[in-house]
Novice: 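Sharing a structure, written as structure tokens. Questions coming.
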Protein chains: 2
Amino acid sequence: MKLNVSPDIFPPRGHEAKRMSIVDAAASVFCRESFAGANIDMIAAEAGVSRQTIYNHHGDKEKLFIAIVRDLTERCNASIFATISTFPDQPKDLEADLIAFAVRMNHNCICNRDGKFLRKLIQTEGGRYPELFAEWREEGPGRTWPAIAARFARLAHAGFLDIDDPDVAARQFMALANAELQTTFMLGGTPTEDEVVQSATNGVRTFLRAFGKRQHVVRASKQGVLASA
Amino acid sequence: MKLNVSPDIFPPRGHEAKRMSIVDAAASVFCRESFAGANIDMIAAEAGVSRQTIYNHHGDKEKLFIAIVRDLTERCNASIFATISTFPDQPKDLEADLIAFAVRMNHNCICNRDGKFLRKLIQTEGGRYPELFAEWREEGPGRTWPAIAARFARLAHAGFLDIDDPDVAARQFMALANAELQTTFMLGGTPTEDEVVQSATNGVRTFLRAFGKRQHVVRASKQGVLASA
DNA sequence: ACAAATTTAGACAGGCTTGTCTAATTCGTC
DNA sequence: GACGAATTAGACAAGCCTGTCTAAATTTGT
């Protein structure tokens, strides 16, 4: 009798462990060397696995690459949705809460390993596998942007922001939060904690100068942001 | 006696023509295939030149690549400075003039051939030649950002904008103007004219909501977004 | 401890690429 | 038209990489 909880077809457990270490190593090597520059021996060495095992698991280099992108897309999406769920729906301090959200977004979805790798692979190999990356576009941006926009719409509806088009606002929010990190991202670098916070702070302040309720709130005297605490 | 005006060592003129077509083709192929995936025969074919000629001109694949990046950096810098010189110092219609400037920036420096190629090469191969791309960073962003910031500072000083930190404002301006084009850029695509104008328009409007001179003057009763129109 | 499945190291053919070389050809100039 | 420089096509060795194959060693479940 099997005590196997998951309905997977793969019998043992070391098998899955190998599979994961292959995927990890492959992502790293494909990012560092590009698809054409990567070779299976590097990946095998970095995964601590023999070359043949990689072929056993994934068939060939191209199938391996596709598996990596699908894997990264899935994991990144999970991170993004998890982070979106921490969006401040009822902020105590709107500025501070949005800054913290922007910083979380950076940490969990953009600057972390998966985020960096996926971004690099899309940029580098996007042209080579149109259908694969079209798939990413639908599953990724196609689903996450509306989710972020919905949160801003709710915040606006609750009276915290003055937004015409939530979709535009969502994209501008992220663009502003990362405005100072663009050059670093271009070169594949990772910004320091301070840089992330700095960029998020400046970005959110500008965002609130544009979309924050101004004197409307104070005008009626009591229904202010602080009142919700 | 030579009538050669330039002090170059290369005698004829067809020589230079070949050199240029090699550089063009190499940029295109390196971008499409990545450094490792590109091969000299492709470049030779696309340049309409024999393989040996490429070796005569550039020595080897790596030297050729470096020459391409230097060449693109130089040309892109020229475009950027030329475009910066069209910044609206004395705007008649601030919003319209800034939108037009943002659109020019996109056309001449980001969506054009050189801009797309240089960006792609930096993203793709940035990690492989740290010194080369450090050089780009100094010559490119290191010089262009301050130039843009200076223009915004002047505009603020002239009373058109309310800006604390011109460097931050410059980065945020560009980030906002391109906010809606990020996904397209990621995949190496070129946005349509409409998309560029749309993104620039939305970006500049938000920028002006944040930094435009507002109702300080009007505060007493007439303050509306519409008042700024 | 045993049997089945998996992994490993290594060898291997086939293909592709770089960079060199040579001999013939073309180009630009006088 | 003639000269010299540049270009061309093609062959070439050397190296690297993919993907397959084998036989041995290891792991896994019972």
Side-chain angles (χ1 to χ4, degrees), chain A residues 1-26 28-68 124-125 128-129, chain B residues 1-6 8-26 28-68 125 128-129:
Chain A
M1 284 289 170
K2 294 255 186 77
L3 296 180
N4 220 340
V5 192
S6 70
D8 282 339
I9 308 112
F10 308 101
R13 236 163 329 288
H15 196 75
E16 274 308 297
K18 299 260 179 213
R19 185 180 213 86
M20 284 200 306
S21 79
I22 291 171
V23 168
D24 280 358
S28 167
V29 173
F30 278 136
C31 282
R32 206 172 55 237
E33 311 287 344
S34 85
F35 179 81
N39 72 10
I40 303 289
D41 290 308
M42 281 187 215
I43 297 173
E46 198 156 319
V49 150
S50 81
R51 180 173 59 249
Q52 185 59 45
T53 300
I54 295 181
Y55 285 107
N56 288 343
H57 278 259
H58 291 98
D60 66 16
K61 192 181 176 184
E62 183 163 324
K63 290 203 193 73
L64 174 60
F65 177 78
I66 290 172
I68 301 311
T124 305
E125 315 290 347
R128 201 177 318 288
Y129 300 90
Chain B
M1 282 287 171
K2 294 255 186 80
L3 297 181
N4 220 340
V5 192
S6 70
D8 282 340
I9 307 113
F10 308 100
R13 234 162 335 286
H15 196 74
E16 275 307 296
K18 299 260 179 211
R19 183 179 215 87
M20 284 200 305
S21 78
I22 292 171
V23 168
D24 281 357
S28 167
V29 174
F30 278 136
C31 283
R32 204 172 56 236
E33 311 287 344
S34 87
F35 179 80
N39 72 8
I40 304 289
D41 290 309
M42 280 186 216
I43 298 174
E46 197 157 321
V49 150
S50 82
R51 180 172 60 249
Q52 185 59 44
T53 300
I54 294 181
Y55 284 107
N56 288 344
H57 278 259
H58 291 99
D60 66 16
K61 192 181 176 184
E62 183 162 325
K63 290 202 193 76
L64 173 59
F65 177 78
I66 291 172
I68 302 312
E125 315 290 347
R128 201 179 317 290
Y129 300 90

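Within every chain, numbering begins at 1; the chains are lettered A, B, ... in the order of the sequence lines, protein sequences first and strands thereafter.
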Novice: Within less than 4.0 Å of OP1 or OP2 of dA6(D), is there a side-chain N or O belonging to H57(B)?
Specialist: no
Novice: Looking only at the side chain of Y55(A) (C-beta and beyond, no hydrogens), which of the listed nucleotides dG19(C), dT7(D), dG19(D) gets closest?
Specialist: dG19(D)
Novice: Between dG19(C), dT18(D), dA9(C), which one does the side chain of S50(A) approach most closely?
Specialist: dA9(C)
Novice: What closest approach, in Å, do S34(A) and A36(B) show between heavy atoms, and which atom pair accounts for it?
Specialist: OG-CB, 4.3 Å
Novice: Could you tell me the separation between the OG atom of S50(A) and the NZ atom of K18(A), rounded to the nearest 0.5 Å?
Specialist: 8.0 Å
Novice: Grab the two heavy atoms, one from K61(A) and one from F35(A), that are nearest each other, plus how far apart they are.
Specialist: NZ-O, 3.0 Å
Novice: Quick check on the helix from dA1(C)-dT30(D) to dC30(C)-dG1(D): what's the angle between its two end axes, five base pairs per end, to the nearest 10°?
Specialist: 40°
Novice: Taking N or O atoms only and anything under 3.5 Å, show me the protein contacts with nucleotides 10-14 of chain D, one pair per line.
Specialist:
unit_1, atom_1, unit_2, atom_2, d
dA11(D), N6, R51(B), NH2, 2.9

Novice: Indicate yes or no: at least one non-hydrogen side-chain atom of L64(A) is less than 4.5 angstrom from one of I22(A).
Specialist: yes
Novice: Starting at CG of D41(B) and ending at C1' of dG19(C), how long is that distance when rounded to a whole Å?
Specialist: 11 Å
Novice: Can you measure from CD1 (I43(A)) to CD1 (I68(A)) and round to the nearest 0.5 angstrom?
Specialist: 7.5 Å
Novice: Let me know the distance between CD1 of I54(B) and C1' of dT7(D), rounded to the nearest Å.
Specialist: 12 Å
Novice: Check this one for me: any side-chain N or O of T53(A) less than 4.0 Å away from OP1 or OP2 of dT6(C)?
Specialist: no
Novice: Rounded to the nearest 0.5 Å, what separates atom NE2 in H58(A) from atom CZ in F65(A)?
Specialist: 13.0 Å
Novice: Using atom CG of N56(B) as one end and atom C1' of dC21(C) as the other, report the distance to the nearest whole Å.
Specialist: 12 Å
Novice: By salt bridge (charged side-chain N to carboxylate O under 4.0 Å, His left out), which residues pair with R51(B), not counting sequence neighbours?
Specialist: D41(B)
Novice: Before you tell me yes or no, could you show the steps for T124(A) and F30(A) under side chain to side chain contact (heavy atoms under 4.5 Å, CB included), namely the whole-Å CA-CA distance, both residues' side-chain angles and the distance that decides it to 0.1 Å?
Specialist: CA-CA 10 Å; T124(A) 305; F30(A) 278 136; over 6 Å; no
Novice: Expressed in angstrom and rounded to an integer, what is the separation of I40(A) atom CD1 from dA9(C) atom C1'?
Specialist: 17 Å
Novice: When rounded to the nearest 0.5 angstrom, what is the spacing between CD in E33(A) and CE in M42(A)?
Specialist: 4.5 Å
Novice: Report the distance from atom CD1 of I54(B) to atom NZ of K63(B), rounding to the nearest 0.5 Å.
Specialist: 14.5 Å
Novice: Could you check which residues of residues 59-66 of chain B get a heavy atom under 4.0 Å from DNA chain D? Sort them by number, please.
Specialist: none
Novice: Between atom CD in E16(B) and atom P in dG28(C), what is the gap in whole Å?
Specialist: 14 Å
Novice: Could you tell me which residues satisfy side chain to side chain donor-acceptor pair (under 3.5 Å) with Q52(B), sequence neighbours excluded, listed by chain and number?
Specialist: N56(B)
Novice: Among dT8(D), dT17(C), dT8(C), which is the nearest nucleotide to the side chain of K18(A)?
Specialist: dT8(C)
Novice: Mind checking salt bridge (charged side-chain N to carboxylate O under 4.0 Å, His left out) for E46(A) and listing every partner two or more places apart, or none if nothing turns up?
Specialist: R32(A)
Novice: For A44(B), answer base if it contacts any base atom (sugar-phosphate contacts may also be present), sugar-phosphate if it contacts only those atoms, and nothing otherwise; contact means non-hydrogen atoms under 4.0 Å.
Specialist: nothing
Novice: Indicate, with a heavy-atom threshold strictly under 4.0 Å, whether H58(B) touches base, sugar-phosphate, or nothing.
Specialist: nothing
Novice: Answer with base, sugar-phosphate or nothing: what part of the nucleic acid does A36(A) contact at a heavy-atom distance below 4.0 Å?
Specialist: nothing
